[in-house]
J.: 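Input: one structure, supplied below.
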Amino acid sequence: MEAKYWRQEQERLERVRNKLQARIAELEPEVIGLRDQAADIRKRFWEEVTINTSTQEDFEETFYSVQQQSAMLAERERGHNRLVHQWNGMKRLLPSPYFGRVDFQEDGLNASEQIYIGVSSFVDKDGLNFLIYDWRSPVASLYYDYPPGRASYVTPAGRIDGTMTLKRQFQIQNGHIRTMFDASETIGDELLQQVLGKDADSQMKSIVATIQKEQNAIIRNDKSRMLIVQGAAGSGKTSAALQRVAYLLYKHRQTIRADQIVLFSPNPMFGSYISTVLPELGEENMQQTTFQEYLDNSLGSSLRSEDPFDQIEYTLTAQGEPGYEARLQGIAYKTSEAFTKALQNYGKWLGRKGMRFEDIRFRDRVLITAERMSAKFYNFDSSLPLFNRVVLLQEWLLNELASLEREEREAFWVQEESNYLDNEQYAEVFDMLHKERELFDLSEQYAAARARMNNKRRGDEGDVDFAQREEELILRSIVKKSFKPLRKSVRKFSFVDVKGIYGQLFVDEVAYREKTNEVVIPPHWPEICRQTKDMLSRNELFHEDATPYLFVKELVEGVRTNTEIRHVFVDEGQDYSAFQYEYFKKLFPRARMTVLGDFGQAIFMQATNLEASDSPLIRLFGEADTSLVRLVRSYRSTREIVEFTKSLLPGGDEIVPFERRGRKPHLIRLNGVEKRDAQILEHIASLRAEGFVSIAVITKTAAESREAHESLRIQGREALQLITKETLAFEKGVMVIPVYLAKGIEFDAVLIYNASPAAYGRDNERKLLYTACTRAMHRLHLYTTGDWSPFVHTLPANLYEKAPY
């Protein structure tokens with residue numbers, strides 16, 4: 001590029017930075033002033049308000065005074081927050097104000113406009129001239145979607161057509177243009193080469209400067225109720241999803257808040273990994289959780305659910321154990337759409353018979369039997385839905401408890417307990433008397449009442465009527481307090497035996513067919529029933545039972561929907577079952593869903609094929625409201641690593657590597673575990689010496705991770721971090737991690753601890769190996785102490801370098 005263009009762009013950059021610095025300096029006193037004003041109002045809040053409730057007029061005056069002060073404080077704080085957001089945005093721009101430029105001539109106009117694009121907008125002081133456009137603005141889509149030539153973008157007023165005469169990309173650091181080139185493609189490979197060649201970080205970074213056209217289509221999709229993104233490993237699915245959140249918060253800033261968007265992450269550590277992306281773009285983080293955290297919260301303390309990582313540990317390590325095949329069949333069946341339909345039919349059966357209830361007990365006796373509840377329940381109108389009849393039963397139970405509570409006041413234990421009340425309990429009773437008789441001097445009445453009570457205990461008559469009323473209130477208070485837990489439990493539907501209702505599905509095959517109209521049942525059904533009932537007897541659930549259990553619970557207690565959530569994002573979406581997606585739809589009825597995944601990395605048994613023509617995700621909202629985007633280009637790894645990893649998968653040929661060169665994967669076979677571990681430690685030291693800061697030793701299971709970590713720790717001096725399902729934060733360094741916890745994360749170098757047939761020999765372990773290898777950005781090493789996994793053994797020899805014994 002000619003020197004004059006560099007000079008022109010650097011001069012413009014300096015002008016923009018000078019204006020940014022001037023505006024930042026200008027705003028600083030306002031920011032501090034509004035902050036101080038808000039702090040002063042909070043400090044002096046009650047000094048400015050006179051509390052007087054003597055009369056109705058005084059009360060109203062006090063109310064409006066408080067309301068006025070609150071409104072003033074809220075306005076100052078809103079103004080301060082707005083100004084701080086603007087101020088912080090300009091400070092974020094200052095080191096690197098923009099990353100792209102397009103010159104666009106709209107049809108019908110004589111001149112083209114220079115459009116500079118950055119992470120947020122910056123307008124000249126006149127308020128009319130945009131010096132920088134936010135990357136999420138409609139016009140910025142030109143930069144992502146088109147090369148120079150005919151182009152268009154969509155605004156709220158309609159489509160704008162024209163011609164892009166120039167497309168330029170920048171890398172700017174601390175106010176200086178480091179790289180600049182004109183691009184013929186959407187985003188030039190030169191910029192991607194530089195960005196992707198960097199080392200992995202402990203946290204994911206924003207990709208707004210390198211968003212590709214297909215990723216931009218994901219980010220700006222604002223029509224589909226269900227957006228499915230099937231993307232190869234390293235294709236930028238998660239990054240695009242996070243930019244999509246930022247885009248939604250920008251475009252719908254008047255109607256959507258960050259706390260109305262929820263992301264379901266694959267594990268707790270992943271939340272730490274992506275936590276800085278949105279704040280980098282000036283947006284608040286959305287809600288983040290794992291599905292397991294949601295299950296645990298919904299089940300409460302009464303039942304403990306196995307987590308998905310324990311489930312996969314079982315499926316990978318328990319071959320040959322009694323009941324293994326039955327468990328696998330149970331996982332497959334209980335996560336299927338067939339089981340969903342079976343439970344819906346079960347709900348209809350329960351409407352006719354079979355509901356189970358718990359006795360309501362009080363002081364070691366039964367107040368209301370389960371049989372009486374069942375009879376009452378089935379006397380209600382049978383045309384009413386199950387939940388409505390449960391609510392009617394709840395109302396009846398509360399009325400029955402009120403009647404039983406009145407009768408209980410005559411019980412001997414109540415009289416006994418009344419003789420041992422403490423002063424606080426007496427005070428509560430006499431406070432009620434005070435209100436009843438409008439006594440204005442409570443302390444005097446309390447003292448007199450205590451004296452009367454003492455007299456009464458000595459046999460004195462005193463004020464008979466008042467004493468009688470006192471006693472009534474005391475007895476009523478004692479019983480009311482004792483019955484309070486019963487009323488609370490009834491309001492929480494504790495009288496419904498949900499565990500028994502779910503458990504009676506697993507009696508035998510004949511009973512199951514009768515209750516569900518199910519035709520096809522797994523061959524090992526008796527053993528599946530035994531395993532399920534055994535877990536329930538210990539107040540535990542298999543992971544595959546947790547969602548169906550909640551489904552049944554909501555059949556009888558009503559659906560607990562969340563209508564506040566407007567967008568649901570599901571990462572690693574292939575690892576969720578059809579049943580779980582049905583549950584998501586019920587749970588968030590107003591939400592649009594974005595599901596991101598890769599069926600090539602479907603390592604859990606309940607996997608869902610996201611892009612199959614008969615995918616349950618497409619049926620969930622219908623084809624008209626569903627969009628499917630396929631991302632086939634892999635950016636994370638070097639070309640050599642992608643060529644190796646895509647050959648591990650049937651159908652992997654469609655994956656397209658990005659043209660970033662590196663070393664071929666290295667296959668190392670050693671004679672014995674000690675030699676293998678010593679070689680791994682040598683390679684770790686060598687990689688660290690080359691400057692790689694994020695290195696993962698990836699194992700198949702958590703058990704193997706613990707063994708590898710201990711062996712490597714004893715042999716070497718490297719600081720190795722053992723990653724488990726309890727690890728909450730992702731940090732740089734050398735770590736030992738099971739493959740299923742490494743999903744969604746990338747490392748400078750990956751060392752596959754054991755690539756033998758024993759670790760990756762069965763067909764369902766092929767995707768585990770693929771997932772592990774695709775975590776590598778720059779280097780990939782595989783080790784074995786014997787033969788190679790058949791998935792490696794059959795690869796063309798030109799895809800790797802091989803070391804002998």
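Quick caveat, the model's predicted, so the values are computed rather than measured.
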J.: Tell me every residue that passes side chain to side chain donor-acceptor pair (under 3.5 Å) with Gln574, counting only those two or more places apart in sequence or in another chain.
T.: Glu572
J.: What's the spacing between Phe270 CZ and Thr290 OG1 if we round to 0.5 Å?
T.: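 Rounded to the nearest 0.5 Å, the CZ-OG1 separation comes out at 12.5 Å.
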J.: Strictly distance-based, threshold 3.5 Å: is any side-chain N or O of Asp103 a donor or acceptor partner for the main-chain N or O of Gln105?
T.: no
J.: Charged N to carboxylate O below 4.0 Å: is that the case for Glu659 and Arg661?
T.: yes
J.: Can you name the side chain to side chain donor-acceptor pair (under 3.5 Å) partners of Asp161, sequence neighbours left out?
T.: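 Expected list: Arg159.
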J.: Go through the structure and list residues passing side chain to side chain donor-acceptor pair (under 3.5 Å) with Asn267, not counting sequence neighbours.
T.: none
J.: What pairs with Thr594 under side chain to side chain contact (heavy atoms under 4.5 Å, CB included), at least two apart in sequence or on another chain?
T.: Leu227, Arg244, Phe569, Leu596
J.: Which pair of non-hydrogen atoms, one from Leu249 and one from Ile256, has the smallest distance, and what is that distance?
T.: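 Result for this residue pair: CD2-O, 3.9 Å.
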J.: Under 3.5 Å, is there a donor-acceptor pair between the side chain of Gln601 and the main chain of Tyr770?
T.: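 No, the answer is negative, given that no donor and acceptor are paired below the 3.5 Å cut-off.
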J.: Salt bridge (charged side-chain N to carboxylate O under 4.0 Å, His left out), that's the test. Do Asp124 and Lys19 meet it? Break it down for me.
T.: CA-CA 8 Å; Asp124 213 342; Lys19 290 182 178 184; 3.0 Å; yes
J.: If I compare all heavy atoms of Glu640 with all of Pro665, which pair ends up nearest, and what's the gap?
T.: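 Nearest pair, atom of Glu640 first, then Pro665: O-CD, 3.8 Å.
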J.: What's the spacing between Cys773 SG and Leu649 CG if we round to 0.5 Å?
T.: 10.0 Å
J.: Run through Phe99, Phe170, Trp135 and flag the one making a ring pair (Phe, Tyr, Trp, His ring centres under 6.0 Å) with Tyr143.
T.: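 Per the ring pair (Phe, Tyr, Trp, His ring centres under 6.0 Å) rule, the option paired with Tyr143 is Phe99, out of Phe99, Phe170, Trp135.
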J.: Which residues satisfy the salt bridge (charged side-chain N to carboxylate O under 4.0 Å, His left out) test with Lys125, sequence neighbours excluded?
T.: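 Lys125 satisfies salt bridge (charged side-chain N to carboxylate O under 4.0 Å, His left out) with Glu26 only.
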J.: Counting N and O atoms only, with roles assigned by atom type, does the side chain of Lys664 sit under 3.5 Å from a partner on the main chain of Asn798, one being a donor and the other an acceptor?
T.: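 Yes: the side chain of Lys664 pairs with the backbone of Asn798.
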J.: With side chain to side chain contact (heavy atoms under 4.5 Å, CB included) as the test, would you mind laying out the steps for Met164 and Leu142 before giving the verdict?
T.: CA-CA 8 Å; Met164 186 193 299; Leu142 293 169; 4.0 Å; yes
J.: Looking at Ser137, is its backbone amide N or carbonyl O close enough to the side chain of Ser141 to form a donor-acceptor pair, meaning the two atoms are under 3.5 Å apart?
T.: no
J.: Quick check against the 3.5 Å criterion: does Arg636 have a side-chain atom that pairs as donor or acceptor with the backbone of Arg775?
T.: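 Not confirmed, Arg636 side chain does not pair with Arg775 backbone.
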J.: Starting from the C-alpha separation in whole Å, work towards a yes-or-no answer on ring-ring contact (aromatic ring centres under 6.0 Å, His included) for His778 and Phe692.
T.: CA-CA 9 Å; His778 309 297; Phe692 294 126; 5.6 Å; yes
J.: With sequence neighbours left out, write down each residue that passes salt bridge (charged side-chain N to carboxylate O under 4.0 Å, His left out) with Lys251, or none if nothing qualifies.
T.: Asp222
J.: Is a side-chain donor-acceptor pair under 3.5 Å present for Asp571 with Ser265?
T.: no
J.: Between Thr771 and Tyr740, is a side chain to side chain donor-acceptor pair (under 3.5 Å) present by the stated rule, with each step listed?
T.: CA-CA 8 Å; Thr771 302; Tyr740 53 79; over 6 Å; no
J.: For Glu14, look at atom CD and say whether over 12 heavy atoms of other residues, nucleotides or ligands are found less than 6.0 Å away.
T.: yes
J.: Which residues pass the salt bridge (charged side-chain N to carboxylate O under 4.0 Å, His left out) test with Arg136, sequence neighbours left out?
T.: Asp134, Glu283
J.: Ring of Tyr5, cation from Arg168 - is the NZ or CZ under 6.0 Å from the centre and inside 45° of the axis?
T.: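 Yes, a cation-pi geometry.
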J.: Taking only residues at least two apart or on different chains, which pairs with a member in residues 241-268 satisfy ring-ring contact (aromatic ring centres under 6.0 Å, His included)?
T.: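 Every pair satisfying ring-ring contact (aromatic ring centres under 6.0 Å, His included) with a residue in residues 241-268: Phe264-Phe584.
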J.: Show me, pair by pair, the donor-acceptor contacts under 3.5 angstrom made by side chains of residues 681-688, not counting sequence neighbours?
T.:
residue	atom	partner	partner atom	Å
His683	ND1	Tyr783	OH	2.7
His683	NE2	Gln679	NE2	3.0
Arg688	NE	Glu718	OE1	3.4

J.: Looking at Gln215 and Ala240, what are the two nearest heavy atoms and their distance?
T.: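 Looks like CB-CB, 4.2 Å.
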J.: Could you walk me through whether Met735 and Val697 satisfy the side chain to side chain contact (heavy atoms under 4.5 Å, CB included) test, starting with their C-alpha distance in whole Å, then the side-chain angles of each, then the deciding distance to 0.1 Å, before giving a yes or no?
T.: CA-CA 6 Å; Met735 60 195 70; Val697 178; over 6 Å; no
J.: Please identify which of these residues, Thr238, Val208, Leu278, meets the side-chain contact (heavy atoms from CB on, under 4.5 Å) condition with Gln243.
T.: Val208
J.: Kindly compute the distance separating CD1 (Ile752) from CD1 (Ile698), expressed to the nearest 0.5 Å.
T.: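 So the CD1 of Ile752 and the CD1 of Ile698 are separated by 5.0 Å.
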J.: I'd like a table of donor-acceptor pairs (distance under 3.5 Å, sequence neighbours excluded) in which one partner is a side-chain atom from residues 109-118, with atom names and distances.
T.:
residue	atom	partner	partner atom	Å
Glu113	OE2	Tyr133	OH	2.8
Tyr116	OH	Glu9	OE1	2.9
Tyr116	OH	Glu9	OE2	3.3
Tyr116	OH	Arg101	NH1	3.3

J.: Examine the side chains of Arg150 and Thr163 and answer whether a donor and an acceptor come within less than 3.5 Å of each other.
T.: yes
J.: Could you pull out all residues at least two apart from Asp653 that satisfy salt bridge (charged side-chain N to carboxylate O under 4.0 Å, His left out)?
T.: none
J.: Is there a donor-acceptor contact under 3.5 Å linking the side chains of Asn216 and Arg220?
T.: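 A pair is found: one side chain offers a donor N or O, the other an acceptor, under 3.5 Å apart.
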J.: Which distance, rounded to the nearest 0.5 Å, do you find between the NZ of Lys732 and the CG of Asp748?
T.: 8.5 Å
J.: Applying side chain to side chain contact (heavy atoms under 4.5 Å, CB included), name anything that partners Glu214, two or more places apart in sequence or on another chain.
T.: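 Side chain to side chain contact (heavy atoms under 4.5 Å, CB included) check on Glu214 returns Gln212, Leu631, Tyr635.
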J.: Checking salt bridge (charged side-chain N to carboxylate O under 4.0 Å, His left out) for the pair Glu284/Arg257: CA distance, chi angles, key distance, verdict?
T.: CA-CA 9 Å; Glu284 292 181 27; Arg257 304 184 310 272; over 6 Å; no
J.: Would you name the heavy atoms of Ala233 and Ser634 that are closest together and state the gap between them?
T.: O-OG, 2.7 Å
J.: Can you tell me how far apart CD (Gln8) and CD (Glu2) are? Round to the nearest 0.5 Å.
T.: 9.5 Å
J.: For Arg630, is there an ion pair with Glu654 - N to carboxylate O distance below 4.0 angstrom?
T.: no
J.: Should Met226 and Val595 count as side-chain neighbours, where that means a heavy-atom distance under 4.5 Å?
T.: yes
J.: Is there a side chain to side chain contact (heavy atoms under 4.5 Å, CB included) between Phe104 and Thr165? Walk through the geometry before answering.
T.: CA-CA 6 Å; Phe104 182 72; Thr165 57; over 6 Å; no
J.: Considering residues, nucleotides and ligands other than Arg663, do more than 12 of their heavy atoms fall under 6.0 Å from its CZ?
T.: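 Result for CZ/Arg663: open.
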J.: If only atom types and distance count, is the side chain of Ser239 paired as donor or acceptor with the main-chain N or O of Gly236 below 3.5 Å?
T.: no
J.: Within the distance-only criterion (no hydrogens, no angle test), does the side chain of Gln171 pair as donor or acceptor with the backbone N or O of Arg178 below 3.5 angstrom?
T.: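 No, the answer is negative, given that no donor and acceptor are paired below the 3.5 Å cut-off.
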